[in-house]
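What follows is one structure encoded as structure tokens, with my remarks underneath.
Order of the sequence lines sets the chain letters (A, B, ...), proteins ahead of strands, with each chain counted from 1. Since we're looking at a predicted model, the values are computed, not measured.
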There are 2 protein chains.
Amino acid sequence: MPKARLTPASVTEAGAELVDEVGFDNLSMGLLAERLGVKTPSLYKHVASQAELAHRIAVLAMTEAGDAIRDAIQGRSGSDALAAGAQAMRTYVREHPGRYAAANATRPTGPDDPFIPASERVMASWAAMLSGYDLDPGQKIHAMRTLRSVLHGFATLETAGGFQIDASVDDSFTWLVNFIDQGLRAGPASGSDAAR
Amino acid sequence: MPKARLTPASVTEAGAELVDEVGFDNLSMGLLAERLGVKTPSLYKHVASQAELAHRIAVLAMTEAGDAIRDAIQGRSGSDALAAGAQAMRTYVREHPGRYAAANATRPTGPDDPFIPASERVMASWAAMLSGYDLDPGQKIHAMRTLRSVLHGFATLETAGGFQIDASVDDSFTWLVNFIDQGLRAGPASGSDAAR
DNA sequence: AGCTAAAGGCTAACCGCATTAGCCACAGCT
DNA sequence: AGCTGTGGCTAATGCGGTTAGCCTTTAGCT
């Protein structure tokens, strides 16, 4: 009964939807096959292995997240760009926790891995956003890493249920973004005495 | 040939050492058994399952990390306490990436899970450290979450190899800690216009 | 000092899940 | 109509976690 008409892309997309529902650790070929109305071994006609599937999902996630962040920053600058970009990233991770987990579990497989340009596009958006602040060129890399650390850390802690319910997580995120904004505005001074 | 003399604690400790070497994803009962000079099924006389083993490792990790942070903060305050505590946490994660991953993969199993007091002790250290800054009481929770986010995010990105080699990761961490310190010193002002 | 029972090791077996091998039907081209 | 490649399927393999049941050593008791 040839009916399913699967392709590597459609399998990846279905895998991405599934992984957001069941979590990265619970992703299995059997579950995905069932979802697609097909027997497990049939999937291997479209993806080489579960590892490759996870990698494809990771690339998809990076691409989608990169687009979301770029679009959010588009047309804004400074504090507005930071707030919009940070919110876009947080929203993406909340809506696609499985894909984000897949992206975090992935390491580039080689120099021509499409995961590399996908993540570079994310980096480029953050860099563009940071250029709206008056930072010393030598500090830009540190600011970038700090920014990535907070956003990544917040997003993973949030999806892992790491925050108790005492206070609004939304408020905390707003506070966090504002905190970063203020620090970046304080600019060069914040790093000049780094050797304190 | 009864020779091994294993206990739940010794199995957990060996598991912790192993997981730091091979990574959380590659932890297996077979590997641990081999390490202990025993056949796989024998481990089940000491731990109920691999999940329980991982959970015990997680509790151990939280306890050790909590101790390290408390000791680092001990006798210091303000910026010094922040720098020492942050460095202690980063060092712990770098030296024990597998245990830290185990801790992150763990959710409390119930109200009397020893994982809960263990993580509360970590929180208490951070809270004590933050009390060295002049923060509005209502903002303390946000500052805490922001602090946890950066430190957790930096540590996980670092161990995952998420930072390229262009610039020193040590320098970035120093910059990050300094950035947070400056922001916390700026104090109440940094949150007062959170609704911007 | 010998007896007994629990502790803790072992082998054999089970099960789920990823993966592979080999088969077969249908679609499109000639 | 026949040929061939695509994409499905069933059957089988192998690994890793887990369970069942056996057997020896050892601690404790009398």
Show every donor-acceptor pair shorter than 3.5 Å between a side-chain atom in residues 31-48 of chain A and any protein atom, with sequence neighbours excluded, or say none if there are none.
| residue | atom | partner | partner atom | Å |
| --- | --- | --- | --- | --- |
| A/Arg35 | NH1 | A/Glu21 | OE2 | 3.3 |
| A/Arg35 | NH2 | A/Glu21 | OE1 | 2.8 |
| A/Ser42 | OG | A/Lys39 | O | 3.3 |

Report summary line: B/Lys45 atom NZ is separated from D/dT25 atom C1', nearest whole Å, by 13 Å

Query raised in the report: Whole-Å distance between D/dT26 P and B/Arg5 CZ?
Result: 8 Å

Requested in this report: Quickly work out the A/Leu53 CG to C/dT19 C1' distance and round it to whole Å.
Outcome: 14 Å

Requested in this report: Could you tell me whether A/Phe154 and A/Phe163 have their ring centroids closer than 6.0 angstrom?
Outcome: yes

Query raised in the report: Are side-chain N/O atoms of A/Asp181 and A/Tyr133 paired as donor and acceptor at under 3.5 Å?
Result: yes

Just the table, please: protein N/O against nucleotides 3-5 of chain D N/O, every pair under 3.5 Å.
none

Query raised in the report: Looking at B/Ser42, does any N or O in its side chain come under 4.0 Å of the phosphate oxygens OP1/OP2 on C/dG8?
Result: no

Query - Atom-to-atom span, CD of B/Glu34 to P of D/dG16 - whole angstrom - result: 11 Å

Query raised in the report: Phosphate oxygens OP1/OP2 of C/dG9: is one of them under 4.0 Å from a side-chain N or O of B/His46?
Result: yes

Query raised in the report: What side-chain hydrogen bond (donor to acceptor under 3.5 Å, both in side chains) pairs are there with at least one residue in residues 49-58 of chain B, not counting sequence neighbours?
Result: B/Glu52-B/Arg56, B/His55-B/Asp113

Query - A/Arg90 to A/Phe173, cation-pi by 6.0 Å centre distance and 45° axis angle - result: yes

Report task. Indicate for each nucleotide in nucleotides 13-18 of chain C, in 5' to 3' sequence, whether protein heavy atoms under 4.0 Å reach the base (B), only the sugar-phosphate (S), or nothing (-). Result -> -----S

Query - Sidechain N-carboxylate O distance under 4.0 Å for A/Asp171, B/Arg145 - result: no

Query raised in the report: Could you give the NZ-to-P distance, from A/Lys39 to D/dA12, as a whole number of Å?
Result: 16 Å

**Report entry** Of all pairs that satisfy salt bridge (Lys or Arg N to Asp or Glu O under 4.0 Å), the ones with a partner from residues 61-77 of chain A, not counting sequence neighbours
**Finding:** A/Glu64-A/Arg99, A/Asp67-A/Arg70, A/Asp67-A/Arg121

Query raised in the report: What residue pairs, at least two apart or across chains, pass ring-ring contact (aromatic ring centres under 6.0 Å, His included) with a residue in residues 64-95 of chain B?
Result: B/Tyr92-B/His96

